[in-house]
Structures are given as structure tokens and as C-alpha cells.
Amino acid sequence: MIPDRVCKTVHQYGRAPVSQEDMEKLQEIAEDYSRVKNCVYAGFAGIGGLSKIYPGYTVQNEMMKSGLRERLGMPSVYFRLAIFDALGEIKSQWTKTKSEILKRVGSNVSLTEDEKHYLRYLLKVNNAFDAVLNRKEVSLRQDLQKRYEMLAGCIDKQKADNYLCRQVRRIHVKPHTDSRDGFSLEERAYRYGNHGIYITVKDKRKRIFLPLTDSNRYTRQLYLKLYPQQHSVEIKVPVDVKVRKHKDYKEKPGLAVGMYVMFTTDNGHAYGEKLGQYETELAGWVRSQAMKHRTVQAGDAGRKKYSDRKRKKTRQLQTYINTELNRLLRTEKPEVVYVPKLPAPRKHGGDSGINHSVNMWHRGYIKKRLVQKCREHSIRIVEVHGKDIGRECSRCGGYGYRQDRIFRCPFCGYHIQEKRNTARNIKKRGEAMEA
């Protein structure tokens, strides 16, 4: 069921350059914010912290008692946010670790089905997972304990526990951040007024004023991004927006994804035809600058100029992507869109220039923005299995070949533009899934 509201990030920008003095005060908070997060990572991101990170108040209490906030002279409103930001990333990292172990368990032929079942149970039950990793006796509530003992009684428990501990040592990584270019603010740390925002700093009972380009006011957690070289700031605000529902959106297009043309539909319409041009230009420019700036230090003027230009070029590309996605939805008027599941990024052989272009491909950003825009317009997205989808004939189902961007079927003689053939296959598979 499509929700009535979705979360969307809106941006606010400074209307005037931030003074050097005010920027230094904001940077000081950002640096302290980073230090606190790294302290939380170091103390609680390992297996010893597993029992403390859910729900996280134990970590907060220990960090408050550590004296770090007093040594930094950091306002408690930022100190607490930094702790819970770090906790969120620690939990996310453990989720990734468990997901990877789950895959390895499923594909390990040396494990019996009973051993796999036991390991999956440990990965699912946090207290059992924590106890095994810390070599403690597993103690759960009665119904869970009974299930655990039944599973453990059917296998070599020590072997399975050792396997789990080895996989965690190999996979799990403690997070760390070197970012000092921003920090989160909750409502107590800011106040809107006079066409700008007042932000709490480390000086007692003082706030700095940042004039903004709009007069919008929000009452939620914000994120302040700093651009010291430009003497500017950007505020990111997560807001709930009402989902738009369109009675005339009835179509069900299949979308073929490409590096050079962003999307081709099953009816032959193309969107983002200049995507390849933008990405090739960006990749070529980055390559040309790489050798020039290889020996330049991060704080040098040349590196800062490079970062600014790269950011500008990337934003131009992202603006183009969003414009074309909006055009796609307005033109196609979809009720549901069928898209292929894209494979994970991998290393490519051959020409280094092509490899660099592939690495610069914004497919993750494109997918994220498509998903967001579809949510905002109550459009369903159905992902279909993409294996051999470009080789299959959309008319007869036989395997054909591509020549000069034309798909040709040797069985039925059908020929069609290759991306359109792929899009038609995507639509067929999507409709078959929902039948």
C-alpha cells in the first residue's frame, strides 16, 4: 500500500557570505562533532558494545560521564546528537555485517542445514548474537531460550559459534569519520527569525545569525553543511510531503537503463539522451585533473579549486537527471514502472578511460531519485530479474544478437532498437510477475 506522506529533503541556502569569524565558530562545532562520533565508534562499535547500543541510552550515559563534553566545551545539544548519529551508523554497520554473514552461511556447502538454521537464529536474535560473540552463556526469555536450546542440541555448537566469530572478525569494520564539514542541529540549537536562522555556538548565551534566501521555517532536526572556501552554508531539512495522486496516470511502461541514454521505454521514447555526454565530460575532466593534483595536499588552493569545480559539474549533471526524470513522469503518466535489478558495481577490464566512465556513472543517484519521485506521485516501482534481458527477443523469446545498436533475432527475423527491445522484455517480465 502506498503511504499518504513521504519524507523529502529540502535545501536552504545562505543569502550572504558567512564572515570568517562566524565560519570558524561553526567549523569548531563540526570538528568537535566529528571527535565525539569517533570516540563513540572507538568505544562501542566492536563486539563489546553490542549489549549497549540498543536502544543506546547506556552509551549516552557513559559518554556524558566520560568528561569529554566538558573538555571540549561543547554544548550538550550537539554532544547528544553526535552520540546518537554515531550510534545510528554503528547499528547500520552491524546490519551490513549480519547481512553479509547470512549470505555466506547460505552459500557455505560445508555447513549442514541444522547448522545453517542455528546460525540464522543467532543472527536474528540480538541477545543470542551478542552472547556468542562475547563468549557468554546465552540467556533469553523462556520461549526464545527453548528454541535456542533445541537448535543448539542438534549440532556441534562450538564449531558453529567459532564459525560465526571468524566471520565477524573478517567482515565487521568499525566506522570512522574524517568529515568536519557539517553537523546536525535539533530545535533547541537554532531559531528562525528576520529572514534567517540563529544558531547556537560554543560561546555561552550567544548565537550567530545566518541570513537565508527563503523565509521558510522548520521545527525538526536539521543538518548544516559548511563550505568554508565559499564562505557559505547549506541547510538540509527532512520534511514529510503529501503524496500526489493522479487519476490520469494509468500507463505501465518498461524502462531500459543505460549509461548514455538514461531511460528508454518500451514504446521507444528516450529520456536523458545527454546523460552520456555529461558523464563522459565529467569523467574526462576528473581524469585530466587527477595527475595534475596527485601531489597537491588537501588544504592547497589547487585542490580546493578542483573540489569546487567538481562539485559544480556534479550538480549540473544531477540537475539534468532530475529534469529528465520529471519529464519522464509527466509524459508517460505511469501507474507503475518496471525496471531491471542492476548488478552490483564491479571492476572492469580493458580501456582505463571506459573504466573511469563506468565508475563515474550515477546509476545509484538515478535510482534513488526515481524511487523518491515515484513515491511522491504514488507510482509503484516493480524490479524485475535482468539476466539475459538484452539478449532475448521481445517477440518470440529466442536469443538474438545486437549490431549497430539494433537487436536482431535469427529465429523470427525481428529487428528493433536494442534498448527498446530490452524495455519491452522488462515490461513483459514485470507483468508476468504481477499476473
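The shown structure was predicted, so the numbers you read here are calculated from the model rather than taken from an experiment. Just the heavy atoms: all of them, side chains too, but no hydrogens, waters or symmetry mates, feed the values below.
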Measure the [atom1]-[atom2] distance between [X] and [Y] for me, rounded to the nearest 0.5 Å.
| X | Y | atom1 | atom2 | answer |
| --- | --- | --- | --- | --- |
| Met23 | Tyr227 | CE | OH | 10.5 Å |
| Phe79 | Leu68 | CZ | CG | 4.5 Å |
| Leu224 | Ile199 | CG | CD1 | 4.5 Å |

For [X], does the [atom1] atom sit with more than 12 other heavy atoms under 6.0 Å from it, leaving out its own atoms?
| X | atom1 | answer |
| --- | --- | --- |
| Tyr57 | OH | no |
| Lys274 | NZ | no |
| Gln158 | CD | no |
| Lys202 | NZ | yes |

Salt bridge flag under 4.0 Å for residues [X] and [Y]:
| X | Y | answer |
| --- | --- | --- |
| Glu383 | Lys367 | yes |
| Lys206 | Glu21 | no |
| Asp32 | Arg35 | yes |
| Lys65 | Glu62 | no |
| Asp4 | Lys242 | no |

(request) Please report the C-alpha distance between Glu376 and Gln372 in whole Å, then the side-chain angles of each, then the deciding distance to 0.1 Å, and finally whether the side chain to side chain donor-acceptor pair (under 3.5 Å) criterion is met. (result) CA-CA 6 Å; Glu376 292 173 14; Gln372 178 66 27; 2.9 Å; yes
(request) Check the pair Arg104, Ile171 against side chain to side chain contact (heavy atoms under 4.5 Å, CB included), reporting the backbone distance first and the verdict last. (result) CA-CA 11 Å; Arg104 295 190 180 192; Ile171 297 168; 3.7 Å; yes
When you check the side-chain N and O atoms of [X] and [Y], is any donor under 3.5 Å from an acceptor?
| X | Y | value |
| --- | --- | --- |
| Lys52 | Asn61 | no |
| Arg15 | Thr213 | no |
| Asp130 | Asn134 | yes |
| Glu24 | Gln20 | yes |
| Gln12 | Tyr192 | yes |

Parallel, tilted or perpendicular for [X] and [Y], by the 30°/60° rule?
| X | Y | value |
| --- | --- | --- |
| His246 | Tyr249 | parallel |
| Trp94 | His172 | parallel |
| Tyr148 | Tyr118 | tilted |

(request) From the options Lys427, Arg429, Arg380, Lys252, select the one residue that forms a salt bridge (Lys or Arg N to Asp or Glu O under 4.0 Å) with Glu434. (result) Arg380
(request) Using a 4.5 Å cut-off on heavy atoms from C-beta on, say whether the side chain of Ile426 contacts that of Asp266. (result) no
(request) Could you please spell out the steps behind the salt bridge (charged side-chain N to carboxylate O under 4.0 Å, His left out) verdict for Glu28 and Lys25? (result) CA-CA 5 Å; Glu28 189 176 5; Lys25 290 179 180 180; over 6 Å; no
